[in-house]
Amino acid sequence: MSEKVKVGLVGCGAISAAYLRMAPNLPILEIAACADLDPAKAAARAAEFGIPQVCELEELLADPKIEVILNLTVPQAHVPIALQALAAGKHTFSEKPLGIDRAEGERLLAAARAHDLRVGCAPDTFLGAGQQTARQVIDSGRIGQPVAFTAFNLGRGHESWHPSPEFYYQPGGGPMFDMGPYYLTALLNLLGPVKRLTAQAGIQIPDRVITSEPKRGQRIRVETPDHVCAGIEFENGAMGTLLTSFAMLHAPYDRQFPIVVYGTEGTLKVPDPNGFDGPVQVRGLGDEEWQEVAHTFPTGYGRAVGLADLATALRAGRPHRCSLEQAFGVLDLMQGCLDSSAAGREHRPQLPYQRPAPMPADLPFGQLDS
Ligand SMILES: NC(=O)c1ccc[n+]([C@@H]2O[C@H](COP(=O)([O-])OP(=O)(O)OC[C@H]3O[C@@H](n4cnc5c(N)ncnc54)[C@H](O)[C@@H]3O)[C@@H](O)[C@H]2O)c1
């Protein structure tokens with residue numbers, strides 16, 4: 001087995017628990033130390049998950065045993081910390097979004113090339129059995145040529161449950177930068193490169209009140225669109241709508257299958273791209289009923305599998321799947337939606353996009369390469 005990759009975690013908030021729960025199932029990973037602006041949060045996560053060292057970010061960056069900085073801070077800090085990590089000679093993997101605008105993504109692309117280090121970015125949910133099986137259905141030709149899709153993520157936002165929801169309403173947040181990464185990454189993996197898009201985006205509910213603890217009653221002024229409708233055309237000819245909103249109450253859509261791809265020979269119901277497993281269903285031209293497609297990839301993965309893929313790729317010298325190029329492509333499309341709306345014109349991707357390799361189907365859980 002390859003030597004473990006030692007990871008230094010920065011940002012010990014809500015999502016860090018999901019990573020720390022999954023990491024012990026992925027033998028390539030060792031979470032060696034953790035840091036947070038709030039040292040009490042870092043200490044609490046270290047105690048809960050047995051992380052041997054709690055320190056400042058600067059100590060993580062200076063620690064020669066740490067190879068990868070795992071950045072689970074808020075969106076505004078993703079690129080500044082990634083640039084610090086690269087300057088310190090570390091690979092880095094961050095939560096989504098890659099950055100809060102395209103210019104940040106461009107700075108990161110340039111720095112990763114200059115330092116010849118790896119940058120990875122969430123989401124990694126497309127590596128799960130649900131999305132991989134859906135991709136295999138399309139690639140196998142079972143629904144014929146994809147011609148159309150719908151993708152919906154419709155809700156009222158995060159102020160009813162998240163302990164610190166303010167960042168979701170600042171630039172780098174909103175439904176597009178928060179949920180768009182799951183949907184656009186899934187669509188890119190299913191359908192390939194985007195040709196062009198147009199969008200409308202607005203701030204529909206500009207003043208919000210936090211109803212979760214501990215900030216119950218505090219007000220949030222919304223500073224980025226909380227409702228985005230995009231029309232997207234893929235290079236393969238498929239055209240459809242991505243609707244993502246924090247302004248829609250009780251939206252009665254099928255949350256089990258928020259993405260549907262329509263082909264010339266059949267229709268594919270794709271599971272929630274914010275999850276790893278989830279059912280996949282197909283109905284062909286002559287089918288009376290929907291058919292469940294059995295998963296042909298390992299189930300049970302969770303957040304941290306993209307980090308483990310990067311660590312495995314590092315040891316094997318192959319490309320990692322949650323690549324900087326893919327995350328930049330997603331960031332460019334998300335920003336493209338806001339730009340298209342503001343300027344009233346279509347957006348075309350800034351860089352060519354290539355899908356990552358599919359996941360291997362026949363390996364035991366936890367092992368990512370044969
Ligand atoms: N909460 C979720 O369900 C969820 C799910 C998927 C992805 N994410 C993404 O994960 C990221 C973090 O979200 P969260 O919900 O865990 O947020 P959070 O506010 O709960 O945690 C963020 C943590 O980062 C720390 N931090 C912020 N800036 C820092 C800096 N400069 N240096 C060191 N520490 C810093 C904060 O003190 C906090 O502990 C976001 O990008 C979010 O989009 C969150």
Side-chain angles (χ1 to χ4, degrees), residues 8-22 33-46 48-49 51 54-61 69-85 88 90 92-101 104-105 108 120-128 153 155 157-186 210 212-215 218 220 224 244 246 272-276 301-307 322 327 330-331 334:
L9 160 64
V10 56
C12 295
I15 201 60
S16 65
Y19 279 77
L20 294 169
R21 261 196 308 274
M22 182 51 52
C34 65
D36 195 287
L37 274 183
D38 179 349
K41 283 181 154 183
R45 283 291 186 246
E48 196 179 348
F49 292 98
I51 302 170
V54 177
C55 59
E56 301 282 324
L57 173 60
E58 288 63 32
E59 293 171 79
L60 276 190
L61 295 174
I69 299 294
L70 171 61
N71 179 359
L72 306 183
T73 61
V74 293
Q76 288 77 7
H78 288 175
V79 167
I81 290 178
L83 292 173
Q84 280 183 271
K90 312 289 188 198
T92 182
F93 184 100
S94 92
E95 248 308 326
K96 52 78 190 164
L98 180 66
I100 61 168
D101 57 29
E104 276 203 335
L108 197 49
C121 184
D124 53 2
T125 42
F126 73 98
L127 303 180
N153 180 262
H158 296 310
E159 63 271 31
S160 61
W161 69 273
H162 195 283
S164 304
E166 298 91 333
F167 74 84
Y168 288 113
Y169 298 99
Q170 292 160 3
M176 182 49 85
F177 279 67
D178 177 38
M179 299 308 291
Y182 298 111
Y183 283 76
L184 288 166
T185 306
I210 299 176
S212 59
E213 298 297 343
K215 297 184 175 174
Q218 288 183 27
I220 299 177
T224 193
T244 181
F246 287 168
D272 184 352
N274 188 10
F276 284 79
Y301 282 130
R303 287 184 172 86
V305 71
L307 172 67
C322 297
V330 167
L331 180 64
M334 297 192 298

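Order of appearance sets the numbers: ligands from 1, and atoms from 1 within every ligand.
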Legend entry - Numbered atoms of ligand 1 (with element) below 4.0 Å of Val10, judged on heavy atoms: 33 (C)
Inset, instruction - Identify, by atom number and element, the atoms of ligand 1 in contact range of His78, meaning under 4.0 Å from any of its heavy atoms. - result: 41 (O)
Legend entry - Inter-residue atom distance Met176.CE - Leu184.CG, 0.5 Å rounding: 5.5 Å
Inset, instruction - Could you tell me the separation between the CG atom of Asn274 and the CZ atom of Arg303, rounded to the nearest 0.5 Å? - result: 5.0 Å
Legend entry - Steps toward ring pair (Phe, Tyr, Trp, His ring centres under 6.0 Å) verdict (His158, Tyr169): CA-CA 9 Å; His158 296 310; Tyr169 298 99; 7.7 Å; no
Legend entry - Enumerated ligand 1 atoms positioned under 4.0 Å from heavy atoms of Leu72: 12 (C), 22 (C)
Inset, instruction - Run down the list Arg303, Glu95, His162 and name the one with the heavy atom closest to atom 10 (O) of ligand 1. - result: Glu95
Legend entry - Selection from Ser94, Ala14, Pro39, Pro165 by shortest heavy-atom distance to atom 18 (P) of ligand 1: Ala14
Inset, instruction - Please report which non-hydrogen protein atom sits nearest to atom 21 (O) of ligand 1, along with the residue it belongs to and the distance in Å to one decimal place. - result: Gly13 CA, 3.2 Å
Legend entry - Heavy atoms of other groups near Glu48 CD, more than 12 under 6.0 Å: yes
Inset, instruction - Could you find the nearest protein heavy atom to atom 43 (O) of ligand 1 and give me its residue, atom name and distance? - result: Lys96 NZ, 2.9 Å
Legend entry - Residue portion contacting ligand 1 (non-hydrogen atoms closer than 4.0 Å) for Trp161: side chain
Inset, instruction - Counting heavy atoms only, name the option from Leu98, Val74, Ile15 that's nearest to atom 4 (C) of ligand 1. - result: Ile15
Inset, instruction - Taking the side chain as every heavy atom from C-beta outward, state whether Asn153 and Tyr182 have any atom pair closer than 4.5 Å. - result: no
Inset, instruction - Compute the shortest N/O to N/O distance between Ile81 and ligand 1 and return yes if it is under 3.5 Å, no if not. - result: no
Legend entry - Tyr182 and ligand 1 - part of the residue with a heavy-atom distance under 4.0 Å: side chain
Legend entry - Pairwise distance CZ(Phe246) to CG(Asp178) - rounded to 0.5 angstrom: 4.0 Å
Inset, instruction - Pick whichever of Asp36, Ile100, Leu9 has a heavy atom sitting closest to atom 23 (C) of ligand 1. - result: Asp36
Legend entry - ligand 1 to Lys41 polar contact by distance, N or O atoms, under 3.5 Å: yes
Legend entry - Heavy-atom nearest neighbour of atom 11 (C) of ligand 1 within options Leu37, Asp178, Asn274, Thr73: Thr73
Inset, instruction - Give the atoms of ligand 1, by number and element, whose distance to some non-hydrogen atom of Gly11 is under 4.0 Å. - result: 24 (O)
Inset, instruction - Could you tell me whether Leu57 approaches ligand 1 through its side chain, its backbone, both or neither, with non-hydrogen atoms closer than 4.0 Å? - result: neither
Inset, instruction - May I ask you to decide if the ring planes of Trp161 and Tyr168 are parallel, tilted or perpendicular, using 30° and 60° as cut-offs? - result: tilted
Legend entry - Min side-chain heavy-atom separation Pro75-Phe177 under 4.5 Å: no
